[in-house]
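It should be emphasised that the depicted structure is a prediction, and the values quoted were computed from it without experimental measurement.
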Amino acid sequence: MTIDVELSLRRGTFALDVAFGAGAGLTALFGRSGSGKSAVIHLIAGLAQPDKGRIAVDGTVLLDTARHVRVPVHLRRIGCVFQEARLLPHLSVRHNLGFGRWFARRHGIETSAAEVDNVVEMLGIGPLLERHPAGLSGGERQRVAIGRALLSKPRLLLMDEPLSALDESRKGEILPYIERMRDEVGVPIVYVSHSVAEVSRLASTVVVLEAGRVAATGSADAVLRRPDLIPDAAEAGAILTMTVAAHDDATGLTRLSGPAGPLTVPRLGAAPGRAVRLRVPARDVLIATEPPHGLSARNVFPGKVSTMRETGASVMVEIDCNGAILAARVTRASAQDLALAPGRAVFAIVKSVAFDPQGVGVGHGAPVEI
């Protein structure tokens, strides 16, 4: 599945000129408030019209102003999940889900009972079916809203900051379900967020918007290492894909394996052999030019400096550790004292193993912040 978007819009002092493409998985529209993320979502959905543009999903053209093609919103087969669940309050969860099936039927697409059961099981909403929205938590309502959108059989799913109205515990509740949906459903997702943690955890592709324009497009790992692309530069860091090697019950630690080498983290609830993604903030990485001794840090990776970017008074140093890239943020003075330069052999030391258990995601490629 592919998504191709080209949009131009002028409204007063606001100007939007964006063009991007993405494949299967979850594409995150990321950037500061007011950068145009939600405007793009509304234009793709057909809830607003651009001055000019083209939108195609897997070859099906939904908009092409040059050819005077504008598929009406109700015929685009696009599922939408917004900040608020927007469930029908007088209907039970079962009947709210049925509304999605009814919408698919309007397009001549039948949804089998088995497909409904699969969505219910995937989102963990079986125990909620006879309840009404007023009796659900915010996370439960959003899961039902996602289920309703999926049962409409969309060719594309749009999610506009679906977790922004939830507290941290509710976000931790719903993120694993979004990960599973991303990996199992096969419907491309465009997801709006300004949260580095959400984007690093969920995104296959990241499109950074700045003042109505695309500032960068790439993998989550490549984009989130760049502090100039992140609203809070202190949140920049690397993403490592690793495998659970073993658990140590005596110490309460989990050992991971990957190209960079072994990594030890607090105990994870994932079976050996399961893949995980880890976000390693640059602020939690130290650099040494000699093998370190007498440190409490357990995670030391040999590598070579690959790139260096000056960002104000600091320098973002990317370190190639056998093909895995770590990032460290150091002062200019430290970079000079260590004589850091591309090609220099160094050791990357991950100094922090403190993390929020609510933010741990395992399986389905979910990242863990260490």
Side-chain angles (χ1 to χ4, degrees), residues 1-73 75-83 149 154-162 182 186-196 198-200 202-231 236 239 309:
M1 299 289 286
T2 58
I3 310 164
D4 295 292
V5 175
E6 298 177 30
L7 297 167
S8 293
L9 176 71
R10 299 287 188 281
R11 294 292 184 271
T13 59
F14 177 73
L16 183 76
D17 284 291
V18 300
F20 64 89
L26 186 146
T27 299
L29 300 184
F30 177 65
R32 295 175 175 84
S33 296
S35 60
K37 304 184 300 294
S38 292
V40 172
I41 288 289
H42 283 75
L43 291 168
I44 294 174
L47 302 176
Q49 296 297 330
D51 298 329
K52 61 180 180 178
R54 183 179 185 276
I55 301 169
V57 181
D58 205 29
T60 298
V61 177
L62 305 180
L63 172 76
D64 190 333
T65 55
R67 295 169 49 203
H68 305 289
V69 176
R70 293 181 187 265
V71 176
V73 59
L75 297 179
R76 293 194 179 193
R77 284 186 54 210
I78 292 178
C80 296
V81 180
F82 298 101
Q83 295 179 22
R155 56 166 58 97
L156 173 66
L157 183 62
L158 304 177
M159 305 184 76
D160 189 2
E161 300 203 63
R182 173 200 64 200
V187 175
I189 303 167
V190 177
Y191 186 102
V192 167
S193 179
H194 60 270
S195 166
V196 172
E198 283 179 36
V199 171
S200 64
L202 298 173
S204 310
T205 302
V206 179
V207 178
V208 180
L209 296 186
E210 186 173 319
R213 295 180 180 273
V214 175
T217 303
S219 68
D221 182 31
V223 170
L224 297 181
R225 290 200 303 265
R226 293 181 53 183
D228 58 309
L229 298 176
I230 297 176
I239 298 173
R309 294 190 184 93

Student: Just how far is it from atom CZ of R32 to atom CD of E210, taken to the nearest 0.5 Å?
Tutor: 5.5 Å

Student: Taking side-chain contact (heavy atoms from CB on, under 4.5 Å) as the definition, give me every residue that meets it alongside P154, ordered by chain and number, with sequence neighbours left out.
Tutor: S152, V187

Student: I'd like to check the side-chain contact (heavy atoms from CB on, under 4.5 Å) partners of L47; sequence neighbours left out, ordered by chain and number.
Tutor: H42, A45, V73, F82

Student: Please report the shortest heavy-atom distance between P188 and I3, naming the atom on each side.
Tutor: CB-CD1, 3.8 Å

Student: For a quick test of reading the model, state the closest non-hydrogen atom pair linking I230 to A236 and the distance between them.
Tutor: CD1-CA, 3.5 Å

Student: Please list, one pair per line, the donor and acceptor atoms closer than 3.5 Å that link side chains of residues 214-221 to other protein atoms, with sequence neighbours excluded.
Tutor:
from : atom 1 : to   : atom 2 : distance (Å)
S219 : OG     : A222 : N      : 3.2
D221 : OD1    : R225 : NH1    : 3.1
D221 : OD1    : I239 : N      : 3.1
D221 : OD2    : R225 : NH1    : 3.0

Student: Can you list every salt bridge (Lys or Arg N to Asp or Glu O under 4.0 Å) pair that touches residues 35-44, not counting sequence neighbours?
Tutor: none

Student: So which atom in P50 and which in L7 form the shortest heavy-atom distance, rounded to 0.1 Å?
Tutor: CG-CD2, 4.0 Å

Student: Out of curiosity, K52 NZ to E6 CD, how far, rounded to the nearest 0.5 Å?
Tutor: 10.0 Å

Student: OG of S35 to CZ of R213: how many Å apart, nearest 0.5 Å?
Tutor: 13.5 Å

Student: Output a table of donor-acceptor pairs, distance under 3.5 Å, between side-chain atoms of residues 11-25 and any protein atom two or more places apart or on a different chain; print 'none' if there are none.
Tutor:
from : atom 1 : to  : atom 2 : distance (Å)
R11  : NH1    : D51 : OD1    : 3.1
R11  : NH2    : Q49 : O      : 3.2
D17  : OD1    : S8  : OG     : 2.7
D17  : OD2    : R10 : NH1    : 2.9
D17  : OD2    : R10 : NH2    : 3.0

Student: What are the two closest heavy atoms between V207 and T27, and how far apart are they?
Tutor: CG2-CG2, 3.9 Å

Student: Under the salt bridge (charged side-chain N to carboxylate O under 4.0 Å, His left out) test, which residues partner R309, sequence neighbours left out?
Tutor: E318

Student: Would you mind reporting whether T60 and R155 have side-chain heavy atoms less than 4.5 Å apart?
Tutor: yes

Student: Among V40, I44, I189, V81, whose side-chain contact (heavy atoms from CB on, under 4.5 Å) with L158 holds?
Tutor: I44

Student: Which donor-acceptor pairs under 3.5 Å do side chains of residues 62-69 form with protein atoms, sequence neighbours excluded?
Tutor:
from : atom 1 : to  : atom 2 : distance (Å)
D64  : OD1    : A66 : N      : 3.2
D64  : OD1    : R67 : N      : 3.4
T65  : OG1    : G53 : N      : 2.9
T65  : OG1    : G53 : O      : 3.3

Student: Name all residues meeting the side-chain contact (heavy atoms from CB on, under 4.5 Å) criterion together with V199; count only those two or more places apart in sequence or in a different chain, and write none if there are none.
Tutor: A28, F30, S193, A203, V206, L224

Student: From M159 CE over to E198 CD, what is the distance, rounded to the nearest 0.5 angstrom?
Tutor: 9.5 Å

Student: Please tell me if the side chains of I55 and R76 come closer than 4.5 Å, counting only heavy atoms from C-beta onward.
Tutor: yes

Student: Test of understanding: with side chain to side chain donor-acceptor pair (under 3.5 Å), list the residues that count as partners of R226, not counting sequence neighbours.
Tutor: D228

